Structures are given as structure tokens and as C-alpha cells.
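Residues take their numbers from the sequence shown, with the count starting at 1. Fair warning: this is a prediction, and the values are worked out from it, not measured in the lab.
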Amino acid sequence: MKILAVESSATSASVAVTEDGKIVSEVYVSTGLTHSQTLLPMVSSCLETAKLNLDDMDAIAVAKGPGSFTGIRIGIAAVKGLTFSGKECCAVSTLEGMAYNFLGGSCIACCVMDARCSQVYMALFDCGEKIVRLCEDMAVMLSELPEIIEKIKKDIKKDVILLGDGAELCYNYLKTVYNNISLAPPLSRFQRASGVALAAQNGAGELMPPEALLPVYLRVPQAERELKKRRAEQ
């Protein structure tokens, strides 16, 4: 199975092509340019390097969220455009795709993204020869993390590794509580399109037509929250 994957849920962006669970090519940038400027040229470059084209793909996968509201929308819009010919899409959790950085390892991956205001988007995964989800994606207060992790660690005796752009924030908060928690190395700390593709290959996302593809934010965007607040004050 050949999969083209797009990841644009945070500051960096990446595109990957995999075939039967093997990474054929991947492009990763973190230049400060908007994803609307970088994603489609990256798709072209990634396919050209793999010596493949869109017609060769069996599915196109995308990180559906949580993450940056704008980044997720751009990624989903790009994938919808790429699938106009009728190819199926696969929507993958940003957090689950991130856990595939530790496929074949032996740890609990605590995937966390900074949601601001002392909140994080998070999910836990048991990493080994396969990735096993241990809880649903959640938006929680930073102070709630110790209790969530402790419940999981009662049943799975593995060290916890923190991944994502919220990893350092959470590590500084949790290191005084746990002595067997660590930061993932920088090269494997952040989400990549190859993880999205591998997650899709392993059934982590649902295949769907492009018109059914929707972002998952886990909480209401800030603009909507501020609008509701202003209306309540009137």
C-alpha cells in the first residue's frame, strides 16, 4: 500500500511517502513560512524523489489534530485538493502519529502539545513492536497530568518519554514527581508526516472520502471563545 501523508499541525511541516510500512521519501521544513506556502511544493518534491505520482497512491493521510487551528485547516484543505480525483483520505490523530517515532521501542509515549493557558493536548501510547493507544486524545490542565500518568503506569511498568512541542513544559513540571520520565531526543520529539503515514498503514485512521474530512480541535478556537465572551458581556 502506497500512502502520501501530510503533517501541518504545528510550526514545522512535513510530507512523506510510504510503501507497505516503509518510508520511501520525506520532506521536513521548519522555516517560519506559512504552511500554505510550503505544503504543495513539498508534496511535489516528495513524490519526485520517490519517483511516484499522485495516481500511484492508494490513500492520502493527514494529521487531523489536535494542534494549531490554522495549520490543521491548511493541511486538510491541501489534502482535499489533492484527492479531487476520488482517492480516499485517512484522518490520523496528530498525537498518535507522533507516537510512531518510537515504534519498535519500549516505553510509554506521552504525546503532548502546548494548548496555552496551562493546558495541553495529550494522549498516552504503549510503544513496542506496535503502537497501542492507552487513552483518548484529551485537552487537560497541566496539573492533571500526574494523575493520568499514574493510572496508566499501575498496569504498564515502562518509563515515560515525553514527545511534542509541549514536552519540555511538561517535563519541567513532572520531573519533580517522577524519576523515570524523560524528554525524547530532539530528532524524535516532534511530529512528522512519516508517523502519520505509518499510523494510517496500521489502521489508526479511518478511510473516508475527502468531503468527510474534518479537523479535530478538542477545544473551541480562541476567536470563537472571545466572541462568546463578548456576547455574554453585552
> Should I23 and Y100 be counted in the same cluster of Ile, Leu, Val, Met, Phe, Trp and Tyr side chains packed under 4.5 Å apart?
Replying inline: no

> Hydrophobic cluster mates of M141, side-chain heavy atoms under 4.5 angstrom, ILVMFWY only, any path?
Replying inline: none

> Is the closest side-chain heavy-atom distance between L163 and V112 below 4.5 Å?
Replying inline: no

> Passes side-chain contact (heavy atoms from CB on, under 4.5 Å), M138 versus V120? Steps please.
Replying inline: CA-CA 8 Å; M138 297 181 282; V120 292; over 6 Å; no

> Looking at S14 and A193, what are the two nearest heavy atoms and their distance?
Replying inline: OG-N, 2.7 Å

> For the hydrophobic clusters of this structure (ILVMFWY residues joined by side-chain heavy atoms under 4.5 Å, transitively), does one cluster hold both Y121 and F190?
Replying inline: no

> Where do M122 and V140 land on the side-chain contact (heavy atoms from CB on, under 4.5 Å) test, with the steps shown first?
Replying inline: CA-CA 7 Å; M122 64 84 62; V140 302; 3.8 Å; yes

> With no hydrogens and no angle check, is any side-chain donor or acceptor of N172 less than 3.5 Å from a backbone partner on L169?
Replying inline: no

>> So, taking the atom named CD1 in I152 and the one named CZ in F125, what distance separates them when rounded to the nearest 0.5 Å?
In response: 11.0 Å

>> Run the side-chain contact (heavy atoms from CB on, under 4.5 Å) test against P209 and tell me which residues pass, sequence neighbours left out.
In response: E211, A212

> Where is the tightest heavy-atom contact between M113 and G67, given as atom of each residue plus distance?
Replying inline: CE-CA, 3.7 Å

>> Is there a path of hydrophobic side-chain contacts, each under 4.5 Å between heavy atoms of I/L/V/M/F/W/Y residues, joining L82 to V29?
In response: yes

>> Run the side-chain contact (heavy atoms from CB on, under 4.5 Å) test against T34 and tell me which residues pass, sequence neighbours left out.
In response: S36, Q37

> Any link between Y28 and I3 through a network of hydrophobic side chains (Ile, Leu, Val, Met, Phe, Trp, Tyr) touching at under 4.5 Å?
Replying inline: no

> Given the rule in the side-chain contact (heavy atoms from CB on, under 4.5 Å) test, do R73 and Y217 qualify, once you have shown the distances and angles that lead to the verdict?
Replying inline: CA-CA 10 Å; R73 287 198 299 270; Y217 297 132; 3.0 Å; yes

> Under 3.5 Å, is there a donor-acceptor pair between the side chain of D56 and the main chain of L52?
Replying inline: no

>> Tell me if a side-chain donor or acceptor on H35 pairs with a main-chain N or O of A10 at a distance below 3.5 Å.
In response: yes

>> Can you tell me which residue among L213, V216, V6 is in a side-chain contact (heavy atoms from CB on, under 4.5 Å) with I76?
In response: L213

> What is the minimum heavy-atom distance between M1 and A59, and which atoms define it?
Replying inline: CE-CB, 3.9 Å

> Do E7 side-chain atoms and S9 backbone N/O form a donor-acceptor pair below 3.5 Å?
Replying inline: yes

>> T49: which residues meet the side-chain contact (heavy atoms from CB on, under 4.5 Å) condition with it, sequence neighbours left out?
In response: S25, S45

> Under the salt bridge (charged side-chain N to carboxylate O under 4.0 Å, His left out) test, which residues partner K151, sequence neighbours left out?
Replying inline: E147

> Once you round to the nearest 0.5 Å, how far does CG of L174 lie from CG of L162?
Replying inline: 6.0 Å

>> Could you check whether any side-chain heavy atom of K22 comes within less than 4.5 Å of a side-chain heavy atom of V24, counting everything from C-beta outward?
In response: no

>> Checking K2 now: which residues fulfil salt bridge (charged side-chain N to carboxylate O under 4.0 Å, His left out) with it, not counting sequence neighbours?
In response: E19

Output side-chain donor-acceptor pairs under 3.5 Å for residues 88-95, partner residues at least two apart or in another chain, one line each.
residue : atom : partner : partner atom : Å
S93     : OG   : L95     : N            : 3.1
S93     : OG   : E96     : N            : 3.2
S93     : OG   : D137    : OD2          : 2.7
T94     : OG1  : G65     : N            : 3.2
T94     : OG1  : G65     : O            : 3.3
T94     : OG1  : P66     : O            : 3.0

>> Using the side-chain contact (heavy atoms from CB on, under 4.5 Å) criterion, which residues pair with C107? Sequence neighbours excluded.
In response: F102, C127, I161

> What are the two closest non-hydrogen atoms of S30 and T11, and how far apart are they?
Replying inline: OG-CG2, 4.3 Å

> Got a second to check how far T83's OG1 is from L4's CG, nearest 0.5 Å?
Replying inline: 10.5 Å

> Do R116 and D114 pass the side-chain contact (heavy atoms from CB on, under 4.5 Å) test, and can you show the C-alpha distance, the side-chain angles, and the key distance before you say yes or no?
Replying inline: CA-CA 6 Å; R116 313 301 179 197; D114 189 356; 2.9 Å; yes

>> Rounded at 0.5 Å granularity, tell me how far OG in S118 sits from CD in E144.
In response: 11.5 Å

>> Measuring only between side-chain heavy atoms, which start at C-beta, is I156 closer than 4.5 Å to L134?
In response: yes

>> Using modelled atom types and a 3.5 Å cut-off, is there a donor and acceptor pairing between side-chain atoms of N202 and backbone atoms of A204?
In response: no

>> Listing request: all salt bridge (Lys or Arg N to Asp or Glu O under 4.0 Å) pairs with a residue in residues 152-175, at least two apart in sequence or in separate chains.
In response: D126-K158

> Taking only residues two or more places apart in sequence, or in another chain, which ones meet Y173 in a side chain to side chain donor-acceptor pair (under 3.5 Å)?
Replying inline: none

>> Please report the interatomic distance CG(L124) to SG(C110), rounded to the nearest 0.5 Å.
In response: 4.5 Å

>> According to salt bridge (Lys or Arg N to Asp or Glu O under 4.0 Å), does anything in residues 179-200 pair up with another residue at least two apart or in another chain? List the pairs.
In response: E26-R192

> Which heavy atom in C170 sits nearest to a heavy atom in L145, and how many Å separate them?
Replying inline: SG-CD1, 3.5 Å

> Does any pair with a residue in residues 28-40 pass salt bridge (Lys or Arg N to Asp or Glu O under 4.0 Å), and if so which ones, sequence neighbours excluded?
Replying inline: none

> Are I60 and V196 joined in one hydrophobic group, where the rule is that I, L, V, M, F, W and Y side chains link up if heavy atoms are under 4.5 Å apart?
Replying inline: no

> How close do A199 and G97 get, heavy atom to heavy atom, and via which atoms?
Replying inline: CB-CA, 4.4 Å

